[in-house]
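In what follows, a structure is listed as structure tokens, so that the remarks can point back to it.
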Amino acid sequence: MDDAKKENLRQAALDYHRLPKPGKLEIRATKPLANGRDLARAYSPGVAEACLEIKANPTTARDYTSRGNLVAVVTNGTAVLGLGNIGALASKPVMEGKAVLFKKFANIDCFDIELNENDPEKLADIVCALEPTFGAINLEDIKAPECFIVEKLCQERMNIPVFHDDQHGTAIVVGAAATNALRVAGKKFEDIKVVSTGGGAAGIACLNMLVKLGVRRENVFLCDLAGLVYEGRTDDMTEQKAAFAQPGDARDLIEVIEGADLFLGLSGPGVLTAEMVGKMADTPAIFALANPNPEIDPDVARSVAPKALIATGRSDYANQVNNVLCFPFIFRGALDVGATEINDEMKIACIEGIAALARATTSAEAAAAYSGEQMTFGPDYLIPKPFDPRLMGVVATAVARAAMETGVATRPIADLAAYKATLDGSVFKSAMIMRPVFEAASTTSRRIVFAEGEDERVLRAASAMLDETTDKPILIGRPDVIELRAERAGLAIRPGRDFEIVNPENDPRYREYWGTYHEIMQRKGVTPDLAKAIMRTNTTAIGAVMVQREEAESLICGTFGQFLWHLNYIREILGTPKLRPVGALSLMILEDGPLFVADTQVHPTPTPEQIAESVIGAARHVRRFGVEPQIALCSHSQFGNLDCDTGIRMREAMRILDAQPRNFAYEGEMQTDAALNPELRHRIYPNSRLTGVANVLIFANTDAASGVRNILKMKGGGLEVGPILMGMGNRAHIVTPSITARGLLNMSALAGTPVAHYG
């Protein structure tokens, strides 16, 4: 890297930390403090009530304060990253970064605490004195051997988890990578020879963990700056190193590397040479974890051992050993069960969860975050990526279970499956609101045909359907293209074996399909030749014909192309006097709850009758999500104050709705702020039928509805489920090109729910 590029990177990093405000953290209140009443509750005199409750029962601190979700990251700055002993103050950016990772990956609040204290016993005294404030302690960047003393003293004296991440976080991720590397190589822990360089905190912890996983201590060879740790050595020795002292005359790395199955490097660049790699066993695992430059360049290692399984500490190589795969989630599980410690069983559960996740099909979200990278289990994918959203549910649940099984949980969780679902819901924003839909879909098995079966998002959704639902995906597309793209995406599913496929270029049902289409469309100008051409080229029409012929229960289309183009074929092929599109309903999942918006696609300027139909359809579909509808008919007019076009049409729609009894709440016409602000609405119209905030907004034209939907999605952080095509009896749904694989899975669950479930 040239000097100019280095300077640009340096300046970019400094700007990131300095702008728009210094640092990476701030404190935000979780309760309102807008008036005297709030102040009286938050501070004097109301705060005394919470204090007295905690005094009477200390365990209630979790109920009345943030302690149960608060971790301290504590350091004295004596062993920071690759920077060494830079002192407590200079380490603060790193500790702030650690706190950000806790929040980002596990929603754990965190304070960074940098201490000017190098005496391990005094440092332990300070940390122990913090127990009333925090639910757990993360020790960080404290040099060896002092870190061993600090951790031991704190664990003995504190009744909350104390975890030195440099030791155990690294050991856990190394354990997961080693577990999968040995699986790929066809070896077992108890049979391998391990050679390690680096006798610091992380290196010792990794070796101890490998021994717990089954490696024989006599097969572990530890080298440091003074050479091999051997029996009788006195130079630069510690109690922790001495546990791995070897008998015999060998003294150097090159003497013990021969026949090694696993090289574990936590030292510095250039320590492992190509010559040494050549002496290792077949299919060696080489974990060169020194940062920023590994003990050996992966390309050099592979030039000598092409089948080597290589991991580094860098993100620009495959198999990055990154502690973020572990520490947020082990703390999440420990905090949630009120663990008094993080024991070996919890660490091993963490290892097993991480390793198993790498062997599973990769998630669509992880694939999107690492676009272009191959993420199929094997030599270049031994451990998951940090942004794999499944880590939270899988790892934290495994840790919580281990804590309960070993008796260190003070608040056991009765239903771990529900706990995992809650964790997944905090990561997958749609998980909680979609739960009733998935539960309804699980009561039956429906065939869902996807028109754009070659799209990777569809392939991922189909894979997830097979894993998570009882529905059966049918994909329209070319078999060879689908198989190639599934393999490239790291998916185990294959056409013909795992799901049915319709090949537009060569399907035995082609004659029947074009015949059915021609029969439907022959009086609408479609000739036999045109019907044949459409059944070769138009996958939406093919899917609709399949539903019409009862070869599938529902069609999902629209991952590319314009909504109304797809709607035209659905209306023509599947429409009946009773089944016709009445509107498109989009569910927007926001931070403060769900909000439904209609009609976002179908009727550009709906008539009052069409608006009323959208309202009735929306009420029915909203209840599918376990939500009681509070529907606002939105207009520029406010309860009759303007005779504008939207106001007139909304008032007429209200008269149509009022003509018959309805079992849901609706009100209009009103502006959007009145719909979402009950106090404002009450001032304007005290006799409103709605209670609270409206959760369904019905607009008088698609421009307004789609505009609101897109603003909420792009600027409001909203996640869209839908659009749901109302009025077609769940026989077809048209998504939008921006939909994700998770969105397609959600739509398949909606399509997989029989109409009887929601009226």
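Throughout, residue positions are numbered sequentially from 1 according to the sequence presented. If you're wondering where the values come from, they're calculated on a predicted model, not measured in any experiment.
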Check: Between Q155 and V162, is there a donor-acceptor pair closer than 3.5 Å when you use the side chain of the first and the backbone of the second?
Finding: yes
Notebook entry, point to check: How many angstroms lie between atom CG of L416 and atom CG of D336, to the nearest 0.5 angstrom?
Noted result: 10.5 Å
Checklist line | N/O donor-acceptor pair under 3.5 Å between R67 side chain and P132 backbone | finding: yes
Next item on the list: Step through the shown structure and confirm whether more than 12 heavy atoms of other residues, nucleotides or ligands are within 6.0 Å of CZ on R183.
Entry: no
Note to self: Taking CG in D249 as the centre, count heavy atoms belonging to other residues, nucleotides or ligands within less than 6.0 Å. Is the count above 12?
What the structure shows: no
Notebook entry, point to check: Taking atom CZ of F287 and atom CG of N319, what is their separation to the nearest 0.5 Å?
Noted result: 7.5 Å
Checklist line | V220 and L210: CA distance, side-chain angles, deciding distance, side-chain contact (heavy atoms from CB on, under 4.5 Å) verdict | finding: CA-CA 9 Å; V220 176; L210 290 173; over 6 Å; no
Item checked: N343 and K347: side chain donor to acceptor below 3.5 Å -> no
Notebook entry, point to check: Got a second to check how far K193's NZ is from D191's CG, nearest 0.5 Å?
Noted result: 14.5 Å
Next item on the list: Report the residue from D282, D261, T283 that forms a side-chain hydrogen bond (donor to acceptor under 3.5 Å, both in side chains) with K187.
Entry: D261
Next item on the list: Would you please test D380 and R302 for salt bridge (charged side-chain N to carboxylate O under 4.0 Å, His left out) and show each step?
Entry: CA-CA 12 Å; D380 290 329; R302 282 207 177 91; 3.2 Å; yes
Next item on the list: Step by step, work out the side-chain contact (heavy atoms from CB on, under 4.5 Å) result for L272 and V277.
Entry: CA-CA 7 Å; L272 187 69; V277 172; 3.7 Å; yes
Notebook entry, point to check: Mind checking whether T238 and F148 have side chains closer than 4.5 Å, heavy atoms only?
Noted result: no
Check: Is I204 close to K241 at the side-chain level, that is, under 4.5 Å between some pair of heavy atoms?
Finding: yes
Margin query: Taking G313's backbone N and O only, do any of them form a donor-acceptor pair with N291's side chain (distance below 3.5 Å, no angle check)?
Written below: yes
Notebook entry, point to check: Under 3.5 Å, side chain of E255 to main-chain N/O of A250, donor-acceptor pair present?
Noted result: no
Note to self: Quick check against the 3.5 Å criterion: does K279 have a side-chain atom that pairs as donor or acceptor with the backbone of A260?
What the structure shows: no
Margin query: So which atom in E295 and which in L266 form the shortest heavy-atom distance, rounded to 0.1 Å?
Written below: OE2-N, 3.2 Å
Check: When you check the gap from the basic side-chain N to the acidic O, do R411 and D63 get nearer than 4.0 Å?
Finding: no
Next item on the list: Determine, for K122 against E117, whether the closest basic-nitrogen to carboxylate-oxygen distance falls under 4.0 angstrom.
Entry: no
Notebook entry, point to check: So, do R314 and P294 sit near enough that their side-chain heavy atoms are less than 4.5 Å apart?
Noted result: yes
Note to self: Testing the basics here: between I160 and F134, what is the closest heavy-atom pair and its distance to 0.1 Å?
What the structure shows: CD1-O, 3.5 Å
Check: Closest approach of E131 and N159, non-hydrogen atoms and distance?
Finding: OE2-N, 3.1 Å
Checklist line | Lys/Arg N to Asp/Glu carboxylate O, R28 vs D109, below 4.0 Å | finding: no
Margin query: For a 4.5 angstrom cut-off between non-hydrogen side-chain atoms, does F244 reach V211?
Written below: yes
Next item on the list: Ignoring hydrogens and angles, tell me if any N or O in the side chain of K103 forms a donor-acceptor pair with the backbone of C110 under 3.5 Å.
Entry: no
Item checked: Intermediate values then yes/no, side-chain contact (heavy atoms from CB on, under 4.5 Å), I354 and V395 -> CA-CA 7 Å; I354 294 170; V395 178; 3.8 Å; yes
Note to self: Rounded at 0.5 Å granularity, tell me how far CD1 in I113 sits from OG1 in T133.
What the structure shows: 7.5 Å
Check: CG/L264 to CG/L289 distance, rounded to the nearest 0.5 angstrom?
Finding: 6.0 Å
Item checked: N76 side chain vs T78 backbone, donor-acceptor pair below 3.5 Å -> yes
Margin query: Can you tell me how the ring of F163 sits relative to the ring of H168, calling it parallel under 30°, perpendicular over 60° and tilted otherwise?
Written below: tilted
Notebook entry, point to check: Judged by modelled atom types alone, do T170 and N323 share a side-chain donor-acceptor pair under 3.5 Å?
Noted result: yes
Check: Where is the tightest heavy-atom contact between P120 and V150, given as atom of each residue plus distance?
Finding: O-CG2, 3.5 Å
Next item on the list: Could you please spell out the steps behind the side-chain contact (heavy atoms from CB on, under 4.5 Å) verdict for L25 and V100?
Entry: CA-CA 7 Å; L25 296 171; V100 169; 3.7 Å; yes
Notebook entry, point to check: Do you know which of L391, N69, T397, V399 makes side-chain contact (heavy atoms from CB on, under 4.5 Å) with R332?
Noted result: N69
Item checked: pair Q246-R233: side-chain heavy atoms closer than 4.5 Å -> no
Next item on the list: Mind listing the closest non-hydrogen atom pair of Y419 and G333 along with its distance?
Entry: OH-CA, 3.7 Å
Check: Can you tell me if CD on Q11 sees more than 12 non-hydrogen neighbours from other groups inside 6.0 Å?
Finding: yes
Notebook entry, point to check: Looking at side-chain heavy atoms only, is the closest gap between K420 and V394 below 4.5 Å?
Noted result: yes
Notebook entry, point to check: Short question: side chain of Q167, backbone of A202 - any donor-acceptor pair under 3.5 Å?
Noted result: no
Check: If we only count heavy atoms from C-beta on, is the T59 to T410 side-chain gap below 4.5 Å?
Finding: no
Notebook entry, point to check: Are any non-hydrogen side-chain atoms of F111 and I27 less than 4.5 angstrom apart?
Noted result: yes
Next item on the list: With rounding to the nearest 0.5 Å, note down the distance linking NZ in K98 to CG in D141.
Entry: 7.5 Å
Item checked: L89, CG atom: more than 12 neighbouring heavy atoms under 6.0 Å -> no
Check: Which heavy-atom pair separates N116 from A88 by the least distance, and what is that distance?
Finding: OD1-CB, 3.5 Å
Next item on the list: Could you walk me through whether D299 and Y317 pass side chain to side chain donor-acceptor pair (under 3.5 Å), step by step?
Entry: CA-CA 10 Å; D299 293 333; Y317 291 118; 5.6 Å; no
Next item on the list: Evaluate whether atom CG of L225 has more than 12 neighbouring non-hydrogen atoms of other residues, nucleotides or ligands under 6.0 angstrom away.
Entry: no
